[in-house]
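What follows is a single structure, written as structure tokens, with notes after it.
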Number of protein chains: 2
Amino acid sequence: MENSLGSFLSRIRNSKGWSLRHVESQTGISNSYLCQIENDQIREPSLQKLLKLSELYEISYPELLKQAGYPIREPNAHTDVASRSIPQLENLSSEEQEALVDYLTFLRSRGRRRR
Amino acid sequence: MENSLGSFLSRIRNSKGWSLRHVESQTGISNSYLCQIENDQIREPSLQKLLKLSELYEISYPELLKQAGYPIREPNAHTDVASRSIPQLENLSSEEQEALVDYLTFLRSRGRRRR
DNA sequence: GTCGAGTGCTTGACATCTTTAGCAATGCTT
DNA sequence: AAGCATTGCTAAAGATGTCAAGCACTCGAC
């Protein structure tokens, strides 16, 4: 559940502050179906759906396929760049960057671990 | 008909002199289903099936996906590289990643707007 | 000839994907 | 508080993938 496709997509959508119906209006994917995907009730959504989501969410399509557990054979798809990628933290506004950096500084200053 | 996925797969199988049931024994794909694929009665076989066929037939998997009309796309440069250049937000621990994503979700949920 | 094995193919049943209609809960506006 | 919009979510139905069983045909061995 932690690393599932559903929670992955859910985190991204929520991090962007978008509702299920907003994503539906942009992608044509019904909000109910999107909900089922995010709750891991759909094992294998079609590639067309995943492509549309990757475009709207501005995340790497092959990376999303990987998250979905689909077999992909990209000759040189390797880890060095991808491993540092945090899709949820992409495309930040300048205000958000500042807020996050401040928050990270705060986190590290108190040296606490997560709940 | 001529350039369809079905005729494409059928041509390869016949050129190798293999029966439907031989391919079934090697891939686990039922001969009846394979027959339907070759006769274009199946629009979108699963990636697992296509992968097995590409392995047995010794053809390129991405090439086969292309033949099947699946969307295949290389990673987009702007989503992969540009948005990641926030030096303070690199090399995060997993706890920090999660905390930041949660915090960002919180930030954006307060300013949620729809268009 | 006929018998058995092998061939491509069809049918019916089941599983999964995908949508439409609608629900309860929350929030906003007056 | 009342009323309306929006949220995530579910149930039922339709469309499609997938398989097991079985069909009709061919062909070689006896």
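In the text below, chain A, chain B and the rest are named by the order of the sequence lines, each starting its count at 1.
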With the criterion being N/O to N/O and under 3.5 Å, what pairs connect the protein with nucleotides 3-9 of chain C, and how long is each?
residue	atom	partner	partner atom	Å
C/dT7	OP1	B/S19	OG	3.2
C/dT7	OP2	B/S19	OG	3.4
C/dG8	OP1	B/R13	NH1	2.7
C/dG8	OP2	B/L20	N	2.8
C/dG8	N7	B/R21	NH1	3.1
C/dG8	O6	B/R21	NH2	3.2
C/dC9	N4	B/N31	OD1	2.6

| field | Straight-line distance of A/K52 NZ to A/L50 CG, nearest 0.5 Å | value | 12.5 Å
| When you check the phosphate oxygens OP1 and OP2 of C/dT18, does a side-chain N or O of A/K52 lie under 4.0 Å from one of them? | no
| request: Rounded to the nearest angstrom, tell me the gap between atom CD1 in A/I37 and atom P in D/dT10. | output: 14 Å
| query | Could you state the NZ-P distance from A/K49 to C/dT16, rounded to the nearest angstrom? | reply | 19 Å
| remark: Value for OG (B/S54) from CG (B/L65), rounded to nearest 0.5 Å, stands at 8.0 Å
| message | Any heavy-atom pair between the side chains of A/L9 and A/L64 that's under 4.5 Å? | response | yes
| note | Rounded to whole Å, the CG-C1' distance (B/L50 to D/dG17) equals 12 Å
| Can you find an N or O donor on one side and an acceptor on the other, under 3.5 Å apart, linking the side chain of A/Q36 with the base of C/dT16? | no
| Among B/L5, B/I12, B/L20, which one satisfies side chain to side chain contact (heavy atoms under 4.5 Å, CB included) with B/E38? | B/L20
| query | Rounded to whole angstroms, how far apart are CD on B/Q48 and C1' on D/dG17? | reply | 12 Å
| said: In whole Å, I'd like the distance from the CG atom of A/L34 to the P atom of D/dC9. | reply: 10 Å
| message | For B/E58, is the CD atom crowded, meaning more than 12 foreign heavy atoms sit under 6.0 Å from it? | response | no
| query | Quick one: CG on B/L53 to CD on B/Q48, what's the gap to the nearest 0.5 Å? | reply | 12.0 Å
| Once you round it to whole Å, what is the distance between P of C/dT10 and CG of B/D40? | 12 Å
